[in-house]
Amino acid sequence: MKLPREFYKEDGISLAKKLLGKVLVHHTAEGVTKGIIVETESYMGIVDAAAHSYKGKKDGRCNIQYKEGGYAYIYMIYGMYYCMNIVANEEEVPEVVLLRALEPLEGIPLMEQRRKTAKRKALLSGPGKLCQAMGIGKESYGLDLCGDQLYVEEPEEKTAFEIEASKRINIDYAGEAKDYLWRFTIKNNSYVSVKVKQEIS
DNA sequence: CGGAAGATTTCT
DNA sequence: GAAATCTTCCGA
């Protein structure tokens, strides 16, 4: 069942935790792909030196962050990869949740074809990888997750899991903000991204 | 208009 | 550990 708008109207940290274990669904011309969200990170706009919208900055790229929760914020990084975020909270509050890793659930052959690999654990274990495998690109920027093309739904089988918090990854430039424990993973899930060296110190 | 850096991935 | 690779941003 598709998650309602209200689900997304929470602060970025609460939403990041709530999204774990949910299922990301993307309908494309080639087929449907689904994956269970197993790793997320929070980016808290105003107070977060690592966020694109730090200090309330607005530009062409992060405008969508200022919309109400439930929209897709897609951005390109290093000129070669896309990363997908989910906008949280109310309008004018630039908080987002970055999806870092998914566990393949449906449309796996299509993912393998897009990723050019048959290693299941390599399909969705990273922000750039999951966008490539799910077929998410600039045309998905700003999509309403309450629409029919790209959305998040409740898993059919609810399984119990523990949430683990750790430091965010690859944001060394962000000063103190890099030490915030705003990365959340499902404990003992083998599909989280490879770079899991950072632990709570 | 040009330089620099980046919420990454992949290979050695 | 380092390169690949190119879009976007910021300064001049």
Side-chain angles (χ1 to χ4, degrees), chain A residues 11-13 15-17 19-20 24 35 37-67 69 71-89 93-104 111-143 145 150 164-185 190-199:
Chain A
D11 66 88
I13 292 176
L15 184 61
K17 294 178 187 171
L19 280 169
L20 288 176
L24 179 68
I37 300 171
V38 298
E39 180 174 355
T40 60
E41 278 181 14
S42 301
Y43 285 85
M44 306 297 285
I46 311 294
V47 299
D48 185 0
H52 294 154
S53 49
Y54 181 43
K55 289 180 180 173
K57 185 177 70 169
K58 289 188 183 181
D59 56 34
R61 179 170 62 167
C62 60
N63 281 347
I64 198 72
Q65 296 191 7
Y66 292 86
K67 296 206 62 126
Y71 285 84
Y73 170 51
I74 316 283
Y75 69 92
M76 170 162 281
I77 188 64
Y78 300 112
M80 8 164 43
Y81 299 107
Y82 289 99
C83 294
M84 175 178 173
N85 300 249
I86 293 177
V87 180
N89 228 315
V93 182
E95 296 180 359
V96 299
V97 177
L98 168 68
L99 304 183
R100 287 198 59 87
L102 308 182
E103 176 180 333
M111 296 179 189
E112 293 175 344
Q113 181 186 329
R114 285 171 174 153
R115 291 273 301 121
K116 304 273 192 273
T117 177
K119 295 178 183 174
R120 185 160 303 188
K121 287 186 180 178
L123 289 178
L124 303 169
S125 56
K129 296 182 196 173
L130 76 86
C131 283
Q132 192 178 8
M134 299 287 291
I136 294 170
K138 61 180 188 300
E139 68 280 356
S140 300
Y141 181 91
L143 277 184
L145 298 185
L150 180 64
E164 199 165 42
S166 55
K167 294 179 184 179
R168 288 179 296 175
I169 291 180
N170 285 325
I171 53 166
D172 293 340
Y173 57 86
E176 298 185 349
K178 77 181 191 326
D179 290 328
Y180 297 165
L181 298 178
W182 286 352
R183 173 175 180 246
F184 305 99
T185 55
S190 56
Y191 290 95
V192 298
S193 69
V194 183
K195 295 184 180 177
V196 283
K197 305 166 191 168
Q198 302 185 40
E199 298 295 337

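The model shown is predicted, which means the values in this text are computed figures rather than measured ones. Order of the sequence lines sets the chain letters (A, B, ...), proteins ahead of strands, with each chain counted from 1.
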Whole angstrom is fine here: how far is it from [atom1] in [X] over to [atom2] in [N]?
X: A:L130; N: B:dA7; atom1: CG; atom2: C1'; value: 12 Å
X: A:Y82; N: B:dT9; atom1: OH; atom2: C1'; value: 16 Å
X: A:I77; N: C:dA4; atom1: CD1; atom2: C1'; value: 14 Å
X: A:D172; N: C:dG1; atom1: CG; atom2: P; value: 13 Å
X: A:I74; N: C:dT7; atom1: CD1; atom2: C1'; value: 16 Å
X: A:K119; N: B:dT10; atom1: NZ; atom2: P; value: 10 Å
X: A:R61; N: B:dA7; atom1: CZ; atom2: C1'; value: 9 Å
X: A:Y78; N: B:dT10; atom1: OH; atom2: C1'; value: 13 Å

What closest approach, in Å, do A:M84 and A:L150 show between heavy atoms, and which atom pair accounts for it?
->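 Smallest heavy-atom distance, with atoms named: CE-CD2, 4.0 Å.
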Keeping the roles fixed (side chain from [X], backbone from [Y]), state whether a donor-acceptor pair exists under 3.5 Å.
X: A:E39; Y: A:S193; answer: yes
X: A:E95; Y: A:G12; answer: yes
X: A:Y66; Y: A:G56; answer: yes

Which part of the nucleic acid, if any, lies within contact of [X], taking any heavy atom under 4.0 Å across all strands shown: a base, the sugar-phosphate backbone alone, or nothing?
X: A:M80; result: base
X: A:L98; result: base
X: A:K116; result: nothing

Check side chain to side chain contact (heavy atoms under 4.5 Å, CB included) between A:I46 and all other residues, then give those that pass, not counting sequence neighbours.
-> A:P94
Side-chain donor/acceptor contact of A:Y75 with base of B:dA7 under 3.5 Å | yes
Side-chain donor-acceptor contact under 3.5 Å, A:Q132 with A:R114 |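 No pair is found: no donor N or O on one side chain lies under 3.5 Å from an acceptor on the other.
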Can you tell me if the side-chain N/O atoms of A:N170 get under 4.0 Å from OP1 or OP2 in B:dT8?
-> yes
Distance check: side-chain N/O of A:R115 vs OP1/OP2 of B:dT10, anything under 4.0 Å?
-> yes
Give the stems involving DNA chain B, where a stem is 3 or more consecutive Watson-Crick or G-U wobble pairs (i with j, i+1 with j-1, and so on) under 3.5 Å.
->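 Correct response: B:1-6 with C:6-11, B:8-11 with C:1-4.
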As a test of reading the structure: which of [options] is closest to the side chain of [X], going by heavy atoms?
X: A:M76; options: B:dT9, C:dT7, B:dA7; answer: C:dT7
X: A:N85; options: B:dA7, B:dG6, B:dT10; answer: B:dA7
X: A:K129; options: B:dA7, B:dT8, B:dT10; answer: B:dT10

More than 12 heavy atoms of other residues, nucleotides or ligands under 6.0 Å from CZ of A:R120: is that the case?
-> no
Tell me which of A:Y173 and A:A122 sits closer to the 5' end of DNA chain B, going by the nucleotide each one is nearest to.
-> A:Y173
Electrostatic pair A:R168-A:E41, nearest N-O below 4.0 angstrom = no
So, A:Y43 and B:dA7: ring centres less than 5.5 Å apart, planes less than 30° off, yes or no?
-> yes
